[in-house]
Amino acid sequence: MLDDEYYVVTRPRQDDQRHDLLPTLGPDEDTADLEYRDEALPLGHKPLIFINALKESRQRKGMTTVKSPPSVLFDGDNPLVRGTVREKLLALDIQDLVLQPAIFIDDWDTWHEDYWFLTFLETHRYWDVNKSRLGRGVPVGSDTLQTVYDFALDEKRLSEIPLKDRLLFQMDSLPSVVVAHRSVAGFFRGDGNNGALVIPIRDYPNRP
């Protein structure tokens, strides 16, 4: 079954009571004005800039954020990856994926410039309507996104697509999860401390 071949790449859950939390990214003012999540910026455009959106609220609670950010960070459902992961992804020439230069400014105002934002130019409804657990449709701009609680892949539809064109994709859903074939999922897993949770799609969401 194709469900056994695919993994969701998502942000790890964290215990808000512990210290040294991963940053929760948010764009700075200039980046927030750009359609960077679904459009490629012009060649030569300045890098996207992200900060820890929870910096002040965590400081008020006495919580701290890791000083050495991991190789994978998240802005919503979209990963940012360091250059080593970027090189592996570029070698695959993945359809509809653009890796855009990004900078993360940490809580100590250190600039981490070796990041790349994964922009998916197209999203896909690759779930099986009859086997997935669906919620209500939610209006988003001019579109309506389907809430999906548990994904089961559409075997017939995916099997008609060459593997090279379905190695990594983003679902057209809420949440807009990023899904990786098992041959690619390991890029995001790293040594287990890379800032990404990689779980079989049949186990999503990874309930405690």
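These figures come from a predicted structure and were not determined experimentally.
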- prompt: ring-ring contact (aromatic ring centres under 6.0 Å, His included): which pairs involve residues 163-182, sequence neighbours left out?
  reply: Tyr6-Phe169, Tyr6-His181, Tyr126-Phe169
- request: For Pro162, enumerate each residue passing the side-chain contact (heavy atoms from CB on, under 4.5 Å) test, keeping only those at least two apart in sequence or located in another chain.
  value: Lys164, Asp165
field: Pairs where residues 151-160 contributes a residue and the test salt bridge (charged side-chain N to carboxylate O under 4.0 Å, His left out) is met, not counting sequence neighbours
entry: Lys156-Glu160
- line: Residues passing the side-chain contact (heavy atoms from CB on, under 4.5 Å) test with Ser57, sequence neighbours excluded, are Leu54, Arg60
message: Looking at Ser132 and Val129, would you say the former's side chain and the latter's main chain have a donor-acceptor pair under 3.5 Å?
response: no
- request: Quick one: which residue pairs count as a ring-ring contact (aromatic ring centres under 6.0 Å, His included) with a foot in residues 54-88, not counting sequence neighbours?
  value: none
statement: For Leu41, the other hydrophobic cluster members (4.5 Å side-chain criterion, sorted by chain and number) are Leu25, Leu34, Tyr36, Leu48, Phe50, Leu73, Leu80, Phe104, Tyr115, Phe117
Side-chain donor-acceptor contacts of residues 88-97 below 3.5 Å, not counting sequence neighbours, with atom names and distances?
none

statement: Sorted by chain and residue number, the side chain to side chain donor-acceptor pair (under 3.5 Å) partners of Gln100 (sequence neighbours excluded) come out as Thr119
- prompt: Should we count CH2 of Trp111 as having more than 12 external heavy atoms under 6.0 Å?
  reply: no
statement: Asp4 meets the salt bridge (charged side-chain N to carboxylate O under 4.0 Å, His left out) criterion, sequence neighbours left out, with Arg202
- line: Residues passing the salt bridge (charged side-chain N to carboxylate O under 4.0 Å, His left out) test with Arg182, sequence neighbours excluded, are none
Other ILVMFWY residues reachable from Leu121 by side-chain steps of under 4.5 Å: Val98
- prompt: Do NZ/NE/NH1/NH2 and the carboxylate oxygens of Lys55 and Asp107 come within less than 4.0 Å?
  reply: no
- line: Sequence neighbours excluded, the answer for side chain to side chain donor-acceptor pair (under 3.5 Å) partners of His45 is none
